[in-house]
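One structure is given below, encoded as structure tokens.
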Amino acid sequence: MTDDVPVTDAPTTDAAVDEPDIRRLDDLLEDLYHGQERISQADIYRRAVAAELPAQLLTRIAALPQGEYAVDEVADLLGGSVI
């Protein structure tokens, strides 16, 4: 007799797992950069914490060198798609 194993249609690739986080990152960046050209790493981090982004993204934001970033720069560094 075989064990019944549930079958799921959920994708198991890393890209599929990261997609909701990237969407949340993109939403945050769009909100942050509305009417702004450059924002400091500290401000990005504060807003990411307030938005309760996942720890993995918070760690990546915290690892950015201090300074100001344009939206395309920070999206490229963090893996977002906002350009």
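Along the sequence shown, residues carry numbers from 1.
The OH atom of Tyr45 sits 11.5 Å away from atom CG of Leu57, with the distance rounded to the nearest 0.5 Å. With values rounded to the nearest 0.5 angstrom, Leu58 atom CG is found 10.0 Å from Glu52 atom CD. Separation of atoms CG (Leu29) and CD1 (Ile44) is listed at 7.0 Å; rounding is to 0.5 Å.
Shown here for Leu28 and Ala51, the closest heavy-atom pair between the two residues is CD1-CB, 4.2 Å. Tyr69 and Tyr33 get closest at one heavy-atom pair: O-OH, 2.7 Å.
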Hey, mind stepping through Asp43 and Arg46 against salt bridge (charged side-chain N to carboxylate O under 4.0 Å, His left out) and telling me if it holds? CA-CA 5 Å; Asp43 287 339; Arg46 277 193 288 275; 2.3 Å; yes
List the steps, then state whether side chain to side chain contact (heavy atoms under 4.5 Å, CB included) holds for Arg47 with Asp31. CA-CA 10 Å; Arg47 291 287 298 274; Asp31 185 44; 2.4 Å; yes
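The side chain to side chain contact (heavy atoms under 4.5 Å, CB included) test with Ile39 singles out one residue from Leu32, Val71, Val74, and that residue is Leu32.
Residues Arg24 and Asp27 are not paired through a salt bridge, judged by the lack of any N-O separation under 4.0 Å between the basic side chain and the carboxylate.
Remark: the backbone N or O of Ile61 is paired with a side-chain donor or acceptor of Gln41 at under 3.5 angstrom.
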